[in-house]
Visitor: 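The structure follows.
For reference, positions follow the sequence shown, starting with 1. Indexing begins at 1, ligand by ligand and atom by atom, following the structure's order.
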Amino acid sequence: MRLYESRKKILVTGGAGFLGSHLCDRLIEQGHEVLCLDNLFTGTKRNIEHLLDHPRFEFMRHDVTFPLYVEVDEIYNLACPASPVHYQHDPVATTKTSVHGAINMLGLAKRLRAKIFQASTSEVYGDPQVHPQTEGYWGHVNPIGIRSCYDEGKRCAETLFFDYYRQHGVRIKVARIFNTYGPRMHPNDGRVVSNFIMQALDNKPITIYGDGKQTRSFCYVDDLISGFLSLMETNETVTGPINLGNPCEFTIKQLAEEVIRLTGSSSKLEMLTLPSDDPKQRQPDISIAMKTISWQPNVELEIGLRNTINYFKKHRLQAIQH
Ligand code: NAD
Ligand code: UDP
């Protein structure tokens, strides 16, 4: 049990989402008080229902594009739809969430002198021409494409974080998150791991966009959250940006084959059109994370996929029963 004096009040925006709900779990486990804020656009109360009666947990339905007046010691700013299908559904709202959300949360951090963590993304590198991606790379981003609402919104949020740091001395921690997967991903959110697992479990065609030769590097959620917590613990000279992700890179076709193998599915591969601006390759260089926060992912793809498959199996069963 944590001593009362060392207990912090921590705000997690986007706390009912995939990553946010795991972060809330870990902060509660560590003995802190958690204020979980979410407008439930892509998140769901189901992700946090096991925490709702916990005495140190509070849920607040709120949109980060509006100002917020609460008293906390630390802020993790995760609010933003992350799946291309969802962030492209209302692209103006996506940019507002990243930009107005960052302004509101940074204003709050400034008033409270609170440390603030930003969930940035590998998408700031766009369709990268440097491989693997290092934090020093400025990126190759289309400013007017269908992914721009997310990419440029997140880039502008990073700018705001660094300007609040330089101009107002706000203590910032910026993580550039690479593709992450695990239990509590929304089964219909359109991201590749959830799509492939749901399709494989239903023995439906696995939808590969393009030729499937594009690469990604997938990090299991537990590893990623450990990285968030370690980064937040660093002293104020550490601002980031720091890449957090698993450097183990493979093609989307290889991922499809692995999901079919692990589920024992009879699904076949179906090649569909590649969406525009889809990055051809992505792999984090995590040297800075290894050096600064002694962090590296440990969970192998097969183990992480098995856990995720089991989650989706349970989820499907419950959906059928209700
Ligand atoms: P998610 O969609 O599951 O979670 C996002 C949460 O933010 C949801 O609960 C949603 O309802 C909430 N939200 C959206 N707009 C909001 C608003 N205006 N006000 C309040 N809440 C709002 O996605 P996730 O995968 O958990 O991603 C969390 C964060 O991490 C996002 O900022 C995302 O950009 C970033 N990220 C995730 C990944 C990944 O692979 N999962 C990769 C890079 C960056
Ligand atoms: N993808 C795919 N089939 C799907 C969903 C996605 O082939 O059903 C591809 C997508 O085109 C991209 C990769 O998988 O190249 C990762 O897509 P995701 O939406 O998960 O994340 P992001 O593109 O943001 O990395």
Visitor: side-chain contact (heavy atoms from CB on, under 4.5 Å), that's the test. Do Arg171 and Ile116 meet it? Break it down for me.
Guide: CA-CA 6 Å; Arg171 291 176 294 158; Ile116 180 166; over 6 Å; no
Visitor: Under 4.0 Å from a heavy atom of Asn195: give me the atoms of ligand 2 that qualify, with their elements.
Guide: 4 (C), 5 (C), 8 (O)
Visitor: Might you work through the salt bridge (charged side-chain N to carboxylate O under 4.0 Å, His left out) test for Asp38 and Arg61, ending with a clear yes or no?
Guide: CA-CA 5 Å; Asp38 206 295; Arg61 192 163 181 161; over 6 Å; no
Visitor: Out of Cys80, Ser21, Gly14, whose heavy atom sits nearest atom 14 (C) of ligand 1?
Guide: Cys80
Visitor: So between Gly153, Cys219, Ser120, Gly20, whose heavy atom ends up nearest atom 44 (C) of ligand 1?
Guide: Ser120
Visitor: Taking all heavy atoms of Arg184 and all of Asp25, pick out the closest pair and write down the distance.
Guide: NH2-OD2, 2.8 Å
Visitor: Which residue holds the protein heavy atom closest to atom 29 (C) of ligand 1, what is that atom called, and what is the gap in Å?
Guide: Leu78 O, 3.2 Å
Visitor: Are the side chains of Pro297 and Ile286 in touch, meaning some heavy atoms are under 4.5 Å apart?
Guide: yes
Visitor: Hey, what's the ring geometry for His168 with Tyr164, parallel, tilted or perpendicular (30° and 60° as the breaks)?
Guide: tilted
Visitor: Give me the residue, atom name and distance of the protein heavy atom closest to atom 18 (P) of ligand 2.
Guide: Val192 N, 3.9 Å
Visitor: Do Thr207 and Gln199 have a side chain donor and acceptor closer than 3.5 Å?
Guide: yes
Visitor: Hey, what's the ring geometry for His86 with Phe41, parallel, tilted or perpendicular (30° and 60° as the breaks)?
Guide: perpendicular
Visitor: Give yes if a backbone or side-chain nitrogen or oxygen of Thr121 is under 3.5 Å from a nitrogen or oxygen of ligand 1, and no if not.
Guide: no
Visitor: Please state which protein non-hydrogen atom is closest to atom 11 (O) of ligand 2 and give its distance, to 0.1 Å?
Guide: Asp278 OD2, 2.7 Å
Visitor: Show, in sequence, the C-alpha distance, side-chain angles and deciding distance for Asp189 and Ser194, and conclude whether the side-chain hydrogen bond (donor to acceptor under 3.5 Å, both in side chains) test is met.
Guide: CA-CA 7 Å; Asp189 87 353; Ser194 42; 3.2 Å; yes
Visitor: What's the verdict on side-chain hydrogen bond (donor to acceptor under 3.5 Å, both in side chains) for Asn203 and Ser267, showing C-alpha distance, side-chain angles and the deciding distance?
Guide: CA-CA 5 Å; Asn203 294 307; Ser267 293; 4.6 Å; no
Visitor: Among all the protein's non-hydrogen atoms, which is closest to atom 27 (O) of ligand 1, and how far away is it?
Guide: Ala82 CB, 3.7 Å
Visitor: Just to confirm my output: which protein heavy-atom neighbour is closest to atom 3 (N) of ligand 2, and how far is it?
Guide: Thr207 O, 2.6 Å
Visitor: Looking at ligand 1, does any of its N/O atoms fall within less than 3.5 Å of an N/O of Thr65?
Guide: no
Visitor: Quick test: of every protein heavy atom, which one is nearest to atom 38 (C) of ligand 1, and how far off is it to 0.1 Å?
Guide: Ile177 CG2, 3.9 Å
Visitor: When you measure from the heavy atoms of His62 to every atom of ligand 1, does any distance fall below 4.0 Å?
Guide: yes
Visitor: Given Phe178, Tyr181, Tyr150, Phe66, which one has a non-hydrogen atom that is nearest to atom 36 (N) of ligand 1?
Guide: Tyr150
Visitor: Output the list of atoms in ligand 2 that are nearer than 4.0 Å to some heavy atom of Glu123, sorted by atom number.
Guide: 24 (O)
Visitor: Quick one: nearest non-hydrogen protein atom to atom 8 (C) of ligand 1, plus distance?
Guide: Thr42 OG1, 3.2 Å
Visitor: Run through Lys154, Arg155, Arg176, Arg282 and flag the one making a salt bridge (Lys or Arg N to Asp or Glu O under 4.0 Å) with Glu123.
Guide: Arg282
Visitor: With a 4.0 Å heavy-atom cut-off (strictly under), which part of Arg147 contacts ligand 2: side chain, backbone, both or neither?
Guide: side chain
Visitor: Checking contacts here: is it the side chain or the backbone of Leu40 that comes within 4.0 Å of ligand 1, counting heavy atoms only? Could be both or neither.
Guide: backbone
Visitor: Return a yes/no value for Gly43: is any of its N or O atoms, backbone included, closer than 3.5 angstrom to an N or O of ligand 1?
Guide: yes
Visitor: Does Glu135 use its side chain to pair, donor to acceptor, with the backbone of Asn243 at less than 3.5 Å?
Guide: yes
Visitor: Any donor-acceptor pair under 3.5 Å linking the side chain of Ser265 with the backbone of Leu201?
Guide: no
Visitor: Can you name the closest pair of heavy atoms from Gln133 and Gln281 and give their distance?
Guide: NE2-O, 4.3 Å
Visitor: Is it the case that over 12 heavy atoms from other parts of the model lie below 6.0 angstrom from the CZ atom of Phe250?
Guide: yes
Visitor: Using a 4.0 Å cut-off to any heavy atom of Asn179, which atoms of ligand 1 qualify?
Guide: 40 (O)
Visitor: What I'd like to find out is whether the side chain of Ile75 reaches to under 4.5 Å of the side chain of Ile10, using heavy atoms alone.
Guide: no
Visitor: So is Ser83 touching ligand 2 or not, going by heavy atoms under 4.0 Å?
Guide: no
Visitor: Consider every N or O of Gln199 and every N or O of ligand 2, then say whether any pair is closer than 3.5 Å.
Guide: no
Visitor: By number and element, which atoms of ligand 1 are closer than 4.0 Å to a non-hydrogen atom of Phe41?
Guide: 11 (O)
Visitor: How far apart are the C-alpha atoms of Glu33 and Arg56, what are their side-chain angles, what is the distance that settles it, and do they pass the salt bridge (charged side-chain N to carboxylate O under 4.0 Å, His left out) test?
Guide: CA-CA 5 Å; Glu33 283 177 41; Arg56 284 184 279 107; over 6 Å; no
Visitor: Nearest to atom 5 (C) of ligand 2 by heavy atom, Tyr181, Tyr87, Tyr209: which?
Guide: Tyr209
Visitor: Looking at Gly190, which atoms of ligand 2 are within less than 4.0 Å of one of its heavy atoms?
Guide: 5 (C)
Visitor: Does ligand 2 have an atom that lies less than 4.0 angstrom from a heavy atom of Ala82?
Guide: no
Visitor: Quick one: are Leu78 and Leu23 in side-chain contact, heavy atoms under 4.5 Å?
Guide: yes
Visitor: Quick test of your reading of the model: are Arg261 and Glu257 salt-bridged, counting only N-O distances below 4.0 Å?
Guide: no
Visitor: Hey, which atoms in ligand 1 end up nearer than 4.0 Å to a heavy atom of Ala79?
Guide: 7 (O), 20 (C), 21 (N), 22 (C)
Visitor: Measuring from the heavy atoms of Pro81, does anything fall under 4.0 Å of ligand 1?
Guide: yes
Visitor: What residue and heavy atom of the protein are closest to atom 4 (O) of ligand 1, and at what distance?
Guide: Gly17 CA, 3.5 Å
Visitor: Give me the nearest non-hydrogen protein atom to atom 13 (C) of ligand 2 as residue plus atom name, then the distance to 0.1 Å.
Guide: Ile252 CD1, 3.7 Å
Visitor: Provide, to 0.1 Å, the distance between atom 39 (C) of ligand 1 and the closest protein heavy atom, together with that atom's residue and name.
Guide: Arg191 NH1, 3.5 Å
Visitor: What do you reckon, does Arg191 have a nitrogen or oxygen under 3.5 Å from a nitrogen or oxygen of ligand 2?
Guide: no
Visitor: Considering non-hydrogen atoms of the protein only, which is the closest contact for atom 21 (O) of ligand 2, and what is the distance?
Guide: Asn179 ND2, 3.5 Å
Visitor: For ligand 1, does Lys154 get within less than 4.0 Å through its side chain, its backbone, both, or neither, judged by non-hydrogen atoms?
Guide: side chain
Visitor: How far is atom 19 (N) of ligand 1 from the closest protein heavy atom, and which atom is that?
Guide: Val64 N, 3.0 Å
Visitor: Can you say whether the rings of Phe117 and Tyr76 are parallel (under 30°), tilted (30 to 60°) or perpendicular (over 60°)?
Guide: tilted
Visitor: Does the N or O separation between Leu19 and ligand 1 drop below 3.5 Å for any pair?
Guide: yes
Visitor: Can Val12 be reached from Val174 by stepping across I, L, V, M, F, W or Y side chains whose heavy atoms are under 4.5 Å apart?
Guide: no
Visitor: Could you tell me the residue and atom name of the protein heavy atom closest to atom 22 (C) of ligand 1, and the distance to it rounded to 0.1 Å?
Guide: Asn39 OD1, 3.0 Å
